[in-house]
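Counting starts at 1 for both ligands and their atoms, following the listed order. If you're wondering where the values come from, they're calculated on a predicted model, not measured in any experiment. Sequence positions, counted from 1, serve as the residue numbers for this chain.
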Amino acid sequence: MHDYPRLFIDGAWRQPSGQGVAEVFNPATEAVVGRVPLGDERDVERAVAAARRAFDGWSRTPSSVRAGYIRALVEQLRQGADEMAALITAELGMPVQWCRAVQVDGPIVGLEQYVALAALMDEVREVGNSLVVREPVGVCAFINPWNYPLHQLLGKLAPALAAGCTMVVKPSQETPLHAFLLARMIEATGLPAGVFNLVSGPGAKVGEALARHPDVDLLSFTGSTGAGVRVAQAAAPSVKRVCLELGGKSPLLIGEDADLAAAVRYGVQDVMINSGQTCTALTRMLLPARRYAEALELAVEETRRLVLGDPLDPRSFLGPMCSAAQRRTVQDYLRLGREEGARLLCGDEPLDGFARGHYLRPALFADVDNRMRIAQEEIFGPVLCLIPYADEAQAVALANDSPFGLSSAVWAADAGRALGLARQLRAGQCFINGAAFNYQAPFGGYKQSGNGREWGEEGLAEFVEIKAIQC
Ligand code: NAD
């Protein structure tokens with residue numbers, strides 16, 4: 001049992017003002033695995049005040065010293081990586097086959113790059129009679145989702161530390177435990193009091209209070225587009241900087257000349273990892289009409305091969321959905337898809353042997369029209385829509401016919417052609433022929449997928465104010 005009865009504020013574990021405790025459930029067993037405080041507005045006040053007090057000293061701390069704290073946190077995370085991965089499997093349900101590499105080792109790589117990038121804060125550009133200098137934006141508030149919890153948190157915390165910002169973090173109600181373990185690690189690095197503060201609690205209370213707060217200079221929010229709009233509205237009167245990392249409905253464009261088996265395998269696995277609870281999931285597979293029937297067969301074969309099971313079983317590719325509510329949402333979309341006229345190729349087989357846990361079989365919809373709601377709305381579950389196209393011009397048009405623009409992918413035999421297609425897709429990322437995620441590259445969305453960029457140099461830029469000194 002992971003009990004965290006206190007909040008981390010101003011460098012110490014403090015009794016919360018908010019009454020009550022939030023229980024955290026293991027989605028595979030439905031048992032309680034931890035408890036965290038239900039913070040409230042008074043806790044936000046204390047945390048923001050601590051971050052404000054710490055800002056002057058931290059922002060003037062040499063970048064090399066700030067880099068040293070980031071390096072120390074990298075070490076803490078490396079030593080505690082197994083514990084962190086086990087905790088995330090327990091609170092999220094991601095199988096052990098993936099959890100350590102995807103949820104912990106990758107984010108550590110992302111964090112570590114800011115050891116070097118902190119020095120960028122010292123760069124001065126001369127233009128005419130001006131010196132253009134970089135300064136940290138100030139006190140930051142971070143509101144995070146549950147699906148890649150450490151990744152989301154480090155994507156904000158790492159550049160903020162490098163820039164010289166202080167922060168208040170609100171993790172998701174579903175998966176807050178990793179943030180408490182991280183706070184312990186941060187405490188062990190000896191980071192100055194008030195630089196990092198942690199307040200758990202409901203979005204409508206703690207999240208809104210952070211978004212509204214006049215002493216918060218930057219709000220970085222990752223979550224659904226609906227909640228992102230609400231926090232942006234709450235933040236508007238104080239004119240703080242608002243960075244939004246929101247939902248997606250990303251296309252995988254499989255070209256006429258593609259290795260169909262490899263492309264379809266990649267596309268199915270990309271959607272089904274983390275049970276489809278991935279913002280960048282390539283949930284619309286665009287297929288050349290003349291190869292559509294062949295692709296459907298390949299997709300069914302690959303989907304049936306993926307093992308759904310206990311996250312602690314190393315054979316499991318998919319675990320349960322994170323919560324009962326998330327499973328219900330996905331089941332509603334499975335019903336909707338059928339009503340809209342799409343054909344469910346697999347996903348409705350009985351769930352024998354799963355007495356407990358929010359399990360759901362991976363599902364494929366064929367004969368999907370891109371205008372259907374199942375092709376336009378983010379389902380956030382293991383559901384892939386297979387959409388035929390007549391020619392590549394139509395494929396590009398279908399790919400871009402979405403309110404979202406977070407990620408995209410292209411699979412084609414000819415590298416030049418693949419790059420040409422990638423350039424036409426309106427999304428913040430494009431993966432060609434299964435290329436790997438790159439923590440040094442900027443990550444973020446077009447359109448209703450958001451307006452921010454995380455990771456790499458662009459991730460640091462979010463936390464920077466630019467000053468021109470005329471001399
Ligand atoms: P969510 O929007 O329900 O919640 C995200 C966070 O916002 C939580 O901490 C929640 O408590 C808080 N919140 C909710 N309503 C709020 C309000 N009115 N004011 C302030 N805070 C509020 O999202 P979720 O279900 O936790 O996560 C899934 C969503 O996140 C999906 O849409 C997914 O695509 C998106 N996501 C995006 C990215 C990205 O980088 N673009 C990454 C991961 C997840």
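Evaluated by nearest non-hydrogen atom to atom 7 (O) of ligand 1, the leading choice among W146, F404, F221 is F221. Proximity annotation for atom 29 (C) of ligand 1: of A325, S224, A211, G155, S224 comes nearest, heavy atoms only. Between S200, G444, G203, it is G203 that holds the heavy atom closest to atom 19 (N) of ligand 1.
Among protein heavy atoms, atom 42 (C) of ligand 1 sits closest to C279 SG, 3.0 Å. Looking only at heavy atoms of the protein, atom 27 (O) of ligand 1 is closest to P145 CB, 3.2 Å. Counting only heavy atoms of the protein, atom 40 (O) of ligand 1 lies nearest to F443 CE2, 3.2 Å. Closest to atom 35 (C) of ligand 1 among all protein heavy atoms lies G223 O, 3.2 Å. For atom 28 (C) of ligand 1, the closest non-hydrogen atom of the protein is F380 CE2, 3.5 Å. Here the protein heavy atom with the shortest distance to atom 12 (C) of ligand 1 is I143 CG2, 3.6 Å. From the protein, the heavy atom lying nearest to atom 18 (N) of ligand 1 is E208 OE2, 3.2 Å.
Few gaps surround CD on Q15; more than 12 heavy atoms of other groups in view lie less than 6.0 Å from it. Remark: R426 CZ is loosely packed, at most 12 non-hydrogen atoms of other residues, nucleotides or ligands lying under 6.0 Å away.
For Y148, the closest heavy-atom approach to ligand 1 does not fall below 4.0 Å. E378 counts as a contact of ligand 1, since one of its heavy atoms falls under 4.0 Å from the ligand. Close to ligand 1: S172, with a non-hydrogen atom less than 4.0 angstrom away.
Taking the six-membered ring where the residue is Trp, Y266 and W411 present tilted rings, their angle falling between 30° and 60°. Taking the six-membered ring where the residue is Trp, F196 and F8 present tilted rings, their angle falling between 30° and 60°.
By the 4.0 Å N-to-carboxylate-O rule, E462 lies too far from K156 to be salt-bridged with it. Taking a cutoff of 4.0 Å between a charged side-chain nitrogen and a carboxylate oxygen, D43 and R14 do not qualify as a salt bridge. Classification of E339 and R373 as a salt-bridged pair fails, no side-chain N sitting under 4.0 Å from a carboxylate O. Ion pair R335/D348 not flagged as a salt bridge, since none of the NZ, NE, NH1 or NH2 atoms sits closer than 4.0 Å to an Asp/Glu carboxylate oxygen.
Listed by number with element, the atoms of ligand 1 under 4.0 Å from a non-hydrogen atom of L406 are 41 (N). Shown in contact with G207 at under 4.0 Å from a heavy atom are these atoms of ligand 1, numbered in order with element: 20 (C), 21 (N). The distance from ligand 1 to the heavy atoms of Q152 drops below 4.0 Å at these ligand atoms: 42 (C), 43 (C). Here is the list of ligand 1 atoms found below 4.0 Å of a heavy atom in V231: 19 (N), 20 (C), 21 (N). The contact set between ligand 1 and A227, taken as ligand atoms under 4.0 Å from a residue heavy atom, comprises 2 (O), 14 (C), 15 (N).
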Item to check | V231/L244 under side chain to side chain contact (heavy atoms under 4.5 Å, CB included): CA gap, chis, key distance, verdict | outcome: CA-CA 9 Å; V231 296; L244 299 173; 4.1 Å; yes

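Taking the six-membered ring where the residue is Trp, the centroids of F437 and W455 are separated by 6.0 Å or more. Here Y148 and H178 keep their ring centres 6.0 angstrom or further from each other. Checked against the 6.0 Å centroid criterion, the rings of F380 and W146 qualify as a close aromatic pair.
Counting heavy atoms under 4.0 Å from ligand 1, residue T222 touches it through both backbone and side chain. Here R230 has side-chain heavy atoms under 4.0 Å from ligand 1, and that is the only part of it that gets that close. Here L246 has backbone heavy atoms under 4.0 Å from ligand 1, and that is the only part of it that gets that close.
An N or O contact shorter than 3.5 Å is missing between N147 and ligand 1 by distance. Of the polar atoms of N144, at least one N or O is found under 3.5 Å from an N or O of ligand 1, judged by distance alone. For a threshold of 3.5 Å applied to N or O pairs, the pair formed by K170 and ligand 1 contains at least one separation below that value. Residue E454 has no N or O atom closer than 3.5 Å to an N or O atom of ligand 1.
Just one of R52, R241, K240 meets the salt bridge (Lys or Arg N to Asp or Glu O under 4.0 Å) condition when paired with D217; it is R52. Of the residues E454, Q113, E112, the one that meets the side-chain contact (heavy atoms from CB on, under 4.5 Å) test with Y439 is Q113.
Defined by atom type and a distance below 3.5 Å, a donor-acceptor pair is present between the side-chain atoms of E174 and S172.
Protein heavy atoms are found less than 4.0 angstrom from atom 2 (O) of ligand 1.
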